[in-house]
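The structure under discussion appears below in the form of structure tokens.
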Amino acid sequence: MFSWLSDLIDRFIDWVHYRTGIKDIVKEQITEYRVPPKLNKWYSLGGLSLFIFGLQLVTGVLLLAYYVPSTESAFSSIQRIMLEIPYGWLVRLSHAAGSHMMIIIILLHMVSVIFMGSYKKPREMTWLSGCALILLTLAICFTGYLLPWSQLSYWATTVATSIPEPIPVIGPFLVKLVRGGDHINPDTLNRFFALHVIVIPAVMLALVGFHLFLVRVLGISGSPDSKPEDQE
Amino acid sequence: MSDDLKSEVVNTGTNRRRFLQWTLGGLLFGGFVVAANVVLRYLMPTPPRLEKADEVAIPVSQIPPGSSLMLKHQGSPVLAVHTDQGISAFSAVCTHLGCLVKWMPGEKIFYCPCHAGKFDSTGQVVAGPPPEPLHPVKFEIVDDNIIFL
């Protein structure tokens, strides 16, 4: 019935394949990619984190279409997204709920890696880049929390940015550096906005790439259930 | 005949794998359409709140002196009153916590039943918790018709 459509798609894929070798890449990396036996559902958590990260990028860009990063307009622009823009509530709450889910899933991912010993040699760099990624995820959640410029976000950020204050000698300097002043002020919103929408996501994308590259280079670590001879 | 039928089946590829492939593809495409609908409607500029068809016009005779009329204008409740000073119209939403005020013809005040806020006929707060006057609604009287803007 749709054979003409299949033919068209096949011809397009052949055209791309001739110029890129895409079929071989798909065959080696996806369709005939060998994984150790007895993988379980814990192995899906890394891919799930990647999926939520992608979802956050999409909903985040959509929010940028209406969000205004200024102390005068931030809160009213959020109200507009929630109350006036069609499906604005869905986009914003997906972004908010997604941030929570991302933390939960990454923590479960780390727990599974710890309990199955997957961080061991030669996968230390994968583990360390993952540790950097969860710290960046926490940082992106923290900077995003201030952006609605509500009472809740203002005071939560006031409390959280005062945490380094008791550090001897450099504590007060660090607080001032993060806030861009002695207190949370309009400049704080701008620097948090810049960190939240470009600096941290760009670094995270690079690190995710490195993380996945290492996973592919070293192969997936076998589950504790698989026999030693399966590990090759 | 039976050989022809057999080759026909093989060639068109009507088998379980193909059925599953098309079903999965269809589901994915359906999900994509739903998501695309959300994104497109989110990104489309919202239409202005007042369409021409939403214009509210009522004859002056519908509000005789001393009476009031509650009507819906641009999706929100509006209270029009006819006092000795003429016709005036306010948003019926109390500026305190958003209950609907009503006109008390005897006392000539707007009264909010929730927390006993009182406003005079010009919308100014007379008593109770409301922090600001009632919001006036603009209107014009053309040919004995009240047209809300």
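In the text below, chain A, chain B and the rest are named by the order of the sequence lines, each starting its count at 1.
Remark: the backbone N or O of A:Leu62 is paired with a side-chain donor or acceptor of B:Tyr42 at under 3.5 angstrom.
Residues A:Ser6 and B:Arg18 are in side-chain contact: their nearest non-hydrogen atoms beyond the backbone lie under 4.5 Å apart. Side-chain atoms of B:Leu40 and A:Tyr87, non-hydrogen and from C-beta on, never get closer than 4.5 Å to each other.
Within 6.0 Å of atom CZ in A:Phe51, 12 or fewer heavy atoms from other residues, nucleotides or ligands are found, so the atom counts as exposed in its surroundings. Shown here is A:Gln29, whose CD atom has more than 12 heavy atoms of other residues, nucleotides or ligands within 6.0 Å. More than 12 heavy atoms of other shown residues, nucleotides or ligands fall within 6.0 angstrom of atom OH in A:Tyr33. In A:Lys23, the NZ atom is crowded: over 12 heavy atoms of neighbouring residues, nucleotides or ligands sit closer than 6.0 Å. Taking a 6.0 Å sphere around CG of A:Leu135, one finds it holds more than 12 heavy atoms contributed by other residues, nucleotides or ligands.
Residue A:Leu63 touches chain B through both its backbone and its side chain, counting heavy-atom pairs closer than 4.5 Å.
Annotation for B:Leu43 and A:Tyr66: closest pair O-OH, 3.5 Å, computed over non-hydrogen atoms.
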